[in-house]
Amino acid sequence: MSIVYIVSAPSGSGKSTLVNELFKVVSHLDFSISYTTRPPRGSEQNGKEYFFVTKEEFEAMIAAGEFLEYANVFGNYYGTARRFLKQAEASGNDLLLDIDVQGAAQIKKKIPDAVTIFILPPGREQLEWRLRNRGLDSEAVIRRRLDTARREIENYSKYDYILVNDRLEQATDELKAIVLAERIQCSGRKPSAEEGRLLTTAEQFHLEQARERVQPILVSFEQGR
Ligand code: ADP
Ligand code: 5GP
């Protein structure tokens, strides 16, 4: 059985950047390329970051039962095609889904063993800076994303692991530790000394251990309203 990893984060937290870095350092991991009705942004390519389809095409896929889950995010459809899970299972790889809070909840119902990871920005100010610096959104969209972020962050306690994307290199190492630790646990074998260290690193990001770290971030979003 493949391990399904679900990564969610408020838009602009650096999730795509972090996931790209993860794929450079972890093998046997497939990325589930979602379908969306939103237009491509910046240098995005069809079939790489997303499959970009029309509303009619998306609705035909819903009718044909092709989605494991789908949701309406910021006024556009986004969905996870069932075929990615089948392909990962056939090739013996694990699968990573980059989906929003609603999608994560839907998958968790269908695949209770899915490992859920919530990525947080270090604070509201940094998120705002990253959204502006990315240079892809209008002022109105940035405002909406910041407001949505506050509501999304409130869902953090539904996730298994919480990671703060402060320094990219460190956050990549931490995400890698979580992925590898879950593989070790899933294998059921006795961990080596090195694997034991990985398990200890990953443990720090378990929800219960992360609550204290999350608190000031939540406060920064409340104060910025
Ligand atoms: P998301 O996928 O969460 O919407 P992106 O990966 O597009 O976010 O990142 C948003 C912006 O923040 C990008 O300009 C990216 O280069 C930058 N960024 C990502 N991670 C970090 C980090 N750890 N520190 C500073 N900037 C970052
Ligand atoms: P963006 O437009 O910034 O790429 O993504 C907006 C949001 O949609 C992000 O939170 C992203 O994780 C989410 N998303 C991307 N693909 C899917 C999907 O297949 N299903 C769901 N539910 N959300 C998705």
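Order of listing sets the numbers, starting from 1, for every ligand and every atom in it.
Among Gly135, Pro10, Gly12, Ala171, the residue whose heavy atom lies closest to atom 1 (P) of ligand 1 is Gly12. Here the shortest heavy-atom distance to atom 16 (N) of ligand 2, taken over Gly79, Ala9, Ser34, belongs to Ser34. Comparing Arg167, Glu49, Arg130 against atom 24 (N) of ligand 1, the shortest heavy-atom distance belongs to Arg130. With distances taken over non-hydrogen atoms, the option nearest atom 3 (O) of ligand 2 out of Glu44, Arg41, Lys15 is Arg41. Distances from atom 19 (C) of ligand 1 to the heavy atoms of Pro121, Ser11, Gly14 show the closest one on Gly14.
Contact detail for Ser32 and Leu97: the closest heavy-atom pair is CB-CD2, 3.2 Å.
A heavy-atom distance below 4.5 Å is not found between the side chains of Ile117 and Asp160. In this structure, Leu120 and Ile153 have side chains that are in contact, with non-hydrogen atoms separated by less than 4.5 Å.
No donor-acceptor pair closer than 3.5 Å links the side chain of Arg124 to the backbone N or O of Ala149. Gln170 contributes no side-chain N or O that, together with a main-chain N or O of Arg167, makes up a donor-acceptor pair within less than 3.5 Å.
Given atom 20 (N) of ligand 1, the protein heavy atom at minimum distance is Asn165 ND2, 3.2 Å. The nearest heavy-atom contact from the protein to atom 6 (C) of ligand 2 is Tyr78 OH, 3.6 Å. Closest to atom 20 (N) of ligand 2 among all protein heavy atoms lies Glu69 OE2, 2.7 Å. Atom 2 (O) of ligand 1 has as its closest protein heavy atom Ser16 OG, 2.4 Å. Nearest protein heavy-atom neighbour of atom 16 (O) of ligand 1: Thr17 OG1, 4.1 Å. Atom 7 (O) of ligand 1 has as its closest protein heavy atom Arg134 NH1, 3.0 Å. Remark: minimum distance from atom 22 (N) of ligand 2 to any protein heavy atom is reached at Asp100 OD1, 2.8 Å.
Which parts of ligand 1 touch Leu168 is read off a 4.0 Å heavy-atom cut-off, strictly below it: atoms 23 (N). Residue-ligand proximity, Asp166 to ligand 1, at heavy-atom distances under 4.0 Å covers atoms 22 (C), 23 (N), 24 (N). Remark: ligand 2 atoms within the under-4.0 Å shell around heavy atoms of Ala71 are 22 (N). Every atom of ligand 2 with a heavy atom of Gly103 under 4.0 Å away is listed here by number and element: 22 (N). If you number the atoms of ligand 2 from 1 as listed, the ones under 4.0 Å from a heavy atom of Arg38 come out as 1 (P), 2 (O), 4 (O).
Contacts between Val73 and ligand 2 below 4.0 angstrom, taking non-hydrogen atoms only, involve the side chain exclusively. By the criterion of a heavy-atom distance under 4.0 Å, neither the backbone nor the side chain of Leu131 is placed next to ligand 1. Contacts between Gln102 and ligand 2 below 4.0 angstrom, taking non-hydrogen atoms only, are absent altogether.
Residue contacts with ligand 2 leave out Glu152, since none of its heavy atoms falls under 4.0 Å from the ligand. At least one heavy atom of Tyr50 sits closer than 4.0 Å to an atom of ligand 2.
One finds no salt bridge joining Arg143 and Asp147 here, because no Lys/Arg side-chain nitrogen approaches an Asp/Glu carboxylate oxygen to under 4.0 Å. Look at Lys109 and Glu69 and you find no salt bridge, because none of the NZ, NE, NH1 or NH2 atoms lies under 4.0 Å from a carboxylate O. Checked for salt-bridge contact, Glu89 and Lys86 miss the test: no charged N lies under 4.0 Å from a carboxylate O.
Under the 4.5 Å side-chain heavy-atom criterion for ILVMFWY residues, a single connected hydrophobic cluster contains both Leu175 and Val115. Connection of Val26 to Leu163 is established within a shared hydrophobic cluster, with ILVMFWY side chains joined at heavy-atom distances below 4.5 Å, either directly or through further cluster members. Clustering ILVMFWY residues whenever any of their side-chain heavy atoms sit less than 4.5 angstrom apart, transitively, puts Ile6 in the very cluster that holds Phe23. Linking Ile, Leu, Val, Met, Phe, Trp and Tyr residues whenever their side-chain heavy atoms come within less than 4.5 Å places Phe205 and Tyr5 in a single cluster.
Tested against Tyr78, the residues Tyr70, Phe52, Tyr50, Phe58 include a single ring-ring contact (aromatic ring centres under 6.0 Å, His included) partner, Tyr50.
Taking any N or O of Asp98, backbone or side chain, at least one lies under 3.5 Å from an N or O belonging to ligand 2. Of the polar atoms of Asn133, none of the N or O atoms is found under 3.5 Å from an N or O of ligand 1, judged by distance alone. Considering backbone and side-chain N/O atoms, Tyr70 never comes within less than 3.5 Å of an N/O atom of ligand 2.
Taking the six-membered ring for Trp and the full ring otherwise, the centers of Tyr35 and Tyr77 sit at least 6.0 Å from each other.
With values rounded to the nearest 0.5 angstrom, Ile33 atom CD1 is found 9.0 Å from Glu49 atom CD.
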